[in-house]
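For the single chain, residues carry numbers from 1 onward in sequence order.
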Amino acid sequence: MNNITSIIKEIEKTIEDIAPNLEVSERGTVVSLSDGIAQVAGLPSVQSMEMVTFATGDVGLALNLNKDTVGVVIFGTGDKVIEGMEVRRTGSILQVPVGEDFLGRVVDPLMRPVDEKGSIKASTQYSVEKIAPGVMTREPVNQPLQTGIKAIDAMIPIGRGQRELIIGDRQSGKTTIAIDTIINQKGQNTICVYVAIGQKESKIAQIVEKLRIAGAMEYTCVVLAGVSQGSVYSYVAPYAGTALAEYFMDQGKDVLVVYDDLSKHAVAYRELSLLLKRPPGREAYPGDVFYLHSRLLERACRRNKESGGGSITALPIIETQAGDISAYVPTNVISITDGQIFLDSNLFYKGIRPAIDVGLSVSRVGSSAQTSSMKKNAGKLKLTLAQYRDLESFSQFDSDLDPETKKMINLGKRAVELLKQDQNAPLRVALQVASIFALNEGVLAALEPKEVVVWESAFHTFLQEQEAPLLDAIEKGWNDEVIAGLRSALERFKALRTHQ
C-alpha cells in the first residue's frame with residue numbers, strides 16, 4: 001500500500017513539474033493572387049505595416065486591412081507563392097537593420113547589401129515608420145549646409161534640418177545638384193544617405209562610382225530601389241533611408257538625405273493602391289498621397305541639445321512635366337517643404353548650368369542659414385540679378401539705352417556667367433564669396449562675358465596657392481581686415497595677369 005501511495009505522489013509531482021509548451025500563432029491562407037498582391041484570409045489580428053511570411057520564405061507587407069481578408073504586397077517577384085498557401089504573422093512592424101557599417105555600401109530598401117562586398121553587421125533595428133520629433137524638441141534652423149554651388153549657397157541657402165525641394169523637368173540637372181551637395185560634405189562632419197527610387201541600376205552604378213572617386217562614399221550609404229525590383233521596394237525605400245538617417249541623428253550627428261525622386265515614389269504608391277483596390281482621387285492618385293510625403297519629410301529637423309541634438313536635412317527631388325509646378329504631386333511637396341530650387345529646361349539648353357531659375361526658387365530659412373561673409377555679399381548679387389531680369393528684354397536694343405541701364409545689363413550678364421559651374425566641382429564657401437565680392441566691386445566689368453569663367457578659375461587657383469590664410473579668414477567672419485585683404489588680393493592678381 002505504501003508503495004502505491006509513493007508511486008501516486010511521484011506521478012503527481014511529475015505532472016506538476018511538466019510545463020506546458022504551447023505555441024500560439026496566427027496562420028492565414030492565400031485566397032487570391034494577382035500582380036504581386038496576395039489577398040490573405042485568417043489573420044484577424046494582423047497590424048498595418050506588419051511583416052508576414054509565406055511558406056516559400058517570401059516576405060510580405062500587410063497594407064490593406066479589410067473585413068474578411070488582408071491585402072499583402074509581396075517583396076520580390078513572389079513567383080512561387082500560390083493560392084491556398086499558408087501565411088504566418090511575424091508580430092513585427094516593418095523594421096530594417098541600421099548601423100555604422102552601412103556607410104560606404106549600396107543596399108536595397110530592406111538594407112540587404114547589393115554591392116557584392118559581403119554582409120553588413122547591424123548595430124540595431126529601426127522601424128521604417130516613425131512619428132516625427134515634436135515641436136518642443138526642435139531648434140531653429142540656423143546652421144548652414146553648404147552645397148558648394150554658388151547660385152544656391154548665395155541666394156537659396158540651405159540650413160541643417162531644412163527640407164529643400166529640388167524640382168524641374170527630366171534631364172535638367174536635379175540629381176547633379178544633389179550629388180554635388182553630397183560631394184561637398186567631405187570634411188563637413190555630415191553623414192549622407194542617397195535614396196534612389198525606381199531608378200535604373202546602371203545610372204546608380206555611375207553615381208556610386210562618381211561618389212567613390214570623389215571620396216564621398218566613406219560617409220555615404222546608397223539605398224537602391226531599382227526599377228526592376230517592383231513598386232513595393234520603391235514605396236518602402238525613402239522610409240528605410242530615413243530610418244538609417246535617424247540612427248545617426250540619435251547619436252547627435254548631422255545627416256543629409258536625398259530622395260531621388262518622390263515623383264516615382266508617388267507613382268509606385270498609386271500602383272500599389274490601385275492593385276489593392278483603393279479608390280483613386282485626383283489624377284488617379286489615392287487620397288492619402290499627401291500624407292505619404294508629409295509624414296516622411298516631417299522627420300527631417302534639427303533637434304535641440306536636450307533632445308539629443310543632431311539633424312536630418314532632406315533634399316527631395318520632384319520631376320515636373322513641361323515645367324508645370326502646379327500639378328498635383330509638385331504642389332503637395334512644395335507645401336510640405338521649406339522652399340524649392342527650381343530648374344528651368346530653357347536655361348539648361350541655353351548653357352546656363354546649373355539651370356536654376358532664381359525667380360521661382362526660394363528658401364524659407366533664408367540668410368539665417370548663411371555665414372556672415374556670404375550674407376554680406378549675396379544681397380548685392382540678388383539685386384543685380386533681379387535688375388538684370390527686369391531689363392533683359394531691353395538688352396537687344398543696346399544702342400538706345402541710357403548709360404546707367406547699359407551698366408546694369410552688362411553687370412547682370414557677368415553675374416549670370418559667374419554663377420555657371422561645372423558638375424561634380426563644388427566650391428568651398430570662401431572661394432564663392434571671393435568671386436561674388438569681385439563682381440560687386442566691379443572688377444568683372446572690364447571683362448567680356450565669355451572671359452568670366454576663365455578669369456574666375458585663374459583667380460581661385462591664385463587664392464588657393466598664395467592666399468590660403470585669407471580664405472580661412474573669410475570663412476571665420478566678415479570684417480574690415482578681410483575686405484582689405486580681398487581688395488589687395490584682387491590688385492595683385494590683376495597685376496599678375498597684366499604681366500603675363
Side-chain angles (χ1 to χ4, degrees), residues 144 146-157 347 350-359 361 363 367 370-392 395 398 401 403-422 425-464 467 470-471 473-475 477-480 482-498:
Q146 307 291 353
T147 65
I149 299 167
K150 286 172 285 186
I152 296 174
D153 290 343
M155 295 178 290
I156 321 154
L347 293 176
K350 284 179 185 175
I352 300 171
R353 300 174 188 175
I356 296 170
D357 186 323
V358 179
S361 301
S363 171
S367 58
Q370 280 180 315
T371 61
S372 60
S373 52
M374 181 62 87
K375 197 183 300 185
K376 293 289 183 183
N377 287 277
K380 198 170 179 182
L381 173 65
K382 287 180 192 174
L383 182 62
T384 299
L385 282 169
Q387 289 172 332
Y388 174 63
R389 278 200 308 273
D390 288 341
L391 299 169
E392 191 176 10
S395 60
D398 207 30
L401 299 175
E404 189 61 32
T405 304
K406 272 187 183 179
K407 185 181 174 183
M408 285 181 185
I409 289 172
N410 288 334
L411 188 62
K413 285 179 179 177
R414 283 147 187 80
V416 169
E417 291 297 318
L418 187 72
L419 292 176
K420 289 182 180 179
Q421 195 168 334
D422 290 337
L427 292 171
R428 65 182 284 193
V429 70
L431 293 174
Q432 296 180 43
V433 170
S435 294
I436 297 167
F437 180 80
L439 176 78
N440 294 341
E441 289 284 294
V443 174
L444 305 185
L447 301 173
E448 288 296 316
K450 62 184 179 183
E451 297 174 337
V452 169
V453 174
V454 177
W455 179 92
E456 184 194 32
S457 179
F459 182 48
H460 287 175
T461 303
F462 168 77
L463 289 174
Q464 288 169 318
E467 299 288 347
L470 176 60
L471 292 176
I474 291 170
E475 289 180 352
W478 189 253
N479 51 47
D480 292 341
V482 170
I483 295 169
L486 265 172
R487 282 179 177 149
S488 174
L490 282 165
E491 286 296 327
R492 287 198 301 279
F493 179 64
K494 183 180 178 182
L496 187 69
R497 280 175 67 86
T498 305

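- When the side chain to side chain donor-acceptor pair (under 3.5 Å) test is applied to R428, the partners found at least two apart in sequence or on another chain are D472, E475.
- Considering only residues two or more places apart in sequence or on other chains, K407 meets the side chain to side chain donor-acceptor pair (under 3.5 Å) condition with none of them.
- Proximity of a side-chain donor or acceptor of K413 to a complementary backbone N or O of P449 within less than 3.5 Å is not detected.
- Annotation: the span from L419 atom CG to I149 atom CD1 amounts to 11.5 Å, rounded to 0.5 Å.
- The shortest non-hydrogen separation linking G477 to V482 is O-CG2, 3.8 Å.
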Stepwise side-chain contact (heavy atoms from CB on, under 4.5 Å) check, E441 with L486
CA-CA 10 Å; E441 289 284 294; L486 265 172; over 6 Å; no
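- Using modelled atom types, one side-chain atom of Q370 and one backbone atom of A154 make a donor-acceptor pair closer than 3.5 Å.
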With side-chain contact (heavy atoms from CB on, under 4.5 Å) as the test, would you mind laying out the steps for Q464 and L431 before giving the verdict?
CA-CA 9 Å; Q464 288 169 318; L431 293 174; 3.5 Å; yes
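- By the side chain to side chain donor-acceptor pair (under 3.5 Å) test, S363 is found to be paired with Q162, residues two or more places apart in sequence or in another chain being considered.
- Under a cut-off of 6.0 angstrom, the local environment of CG in D422 is sparse, with at most 12 non-hydrogen atoms contributed by other residues, nucleotides or ligands.
- Nearest heavy-atom pair across V416 and I352 is CG1-CD1, 3.9 Å.
- In plain terms, the two heavy atoms of P144 and Q146 that are nearest each other are CB-NE2, 3.6 Å.
- Residues satisfying the ring-ring contact (aromatic ring centres under 6.0 Å, His included) criterion with F459, sequence neighbours excluded, are W455, F493.
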Evaluate the side-chain contact (heavy atoms from CB on, under 4.5 Å) criterion for residues I436 and K150: first the C-alpha distance (whole Å), next the side-chain angles of each, then the deciding distance (0.1 Å), finally the verdict.
CA-CA 9 Å; I436 297 167; K150 286 172 285 186; 5.5 Å; no
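- T384 places a side-chain N or O within donor-acceptor distance of the main-chain N or O of K380, the cut-off being under 3.5 Å.
- The distance from the CG atom of L418 to the CD atom of Q432 is 10.0 Å, given to the nearest 0.5 Å.
- At distances below 3.5 Å, at least one donor-acceptor pair connects side-chain atoms of S361 with backbone N or O atoms of D357.
- Distance alone, capped at 3.5 Å, is enough to place a donor-acceptor pair between the D153 side chain and the T147 backbone.
- Scanning all heavy atoms of the two residues, the minimum distance from I356 to L347 falls at O-CD1, 3.7 Å.
- Distance alone, capped at 3.5 Å, is enough to place a donor-acceptor pair between the Q421 side chain and the A425 backbone.
- Residues passing the side chain to side chain donor-acceptor pair (under 3.5 Å) test with S435 are E456, H460, sequence neighbours excluded.
- Shown here are the salt bridge (Lys or Arg N to Asp or Glu O under 4.0 Å) partners of K350, two or more places apart in sequence or in another chain: there are none.
- In this structure, CG on L463 lies 7.5 Å from CG on L490, to the nearest 0.5 angstrom.
- E417 and R414 are not joined by a salt bridge, as no carboxylate oxygen comes within less than 4.0 angstrom of a charged side-chain nitrogen.
- Between L439 and L381, the shortest heavy-atom contact is CD2-CD1, 3.5 Å.
- I474 approaches A430 most closely through the heavy-atom pair CG2-CA, 3.9 Å.
- Annotation: side chain of F437 is in contact with side chain of I483 (closest heavy-atom distance under 4.5 Å).
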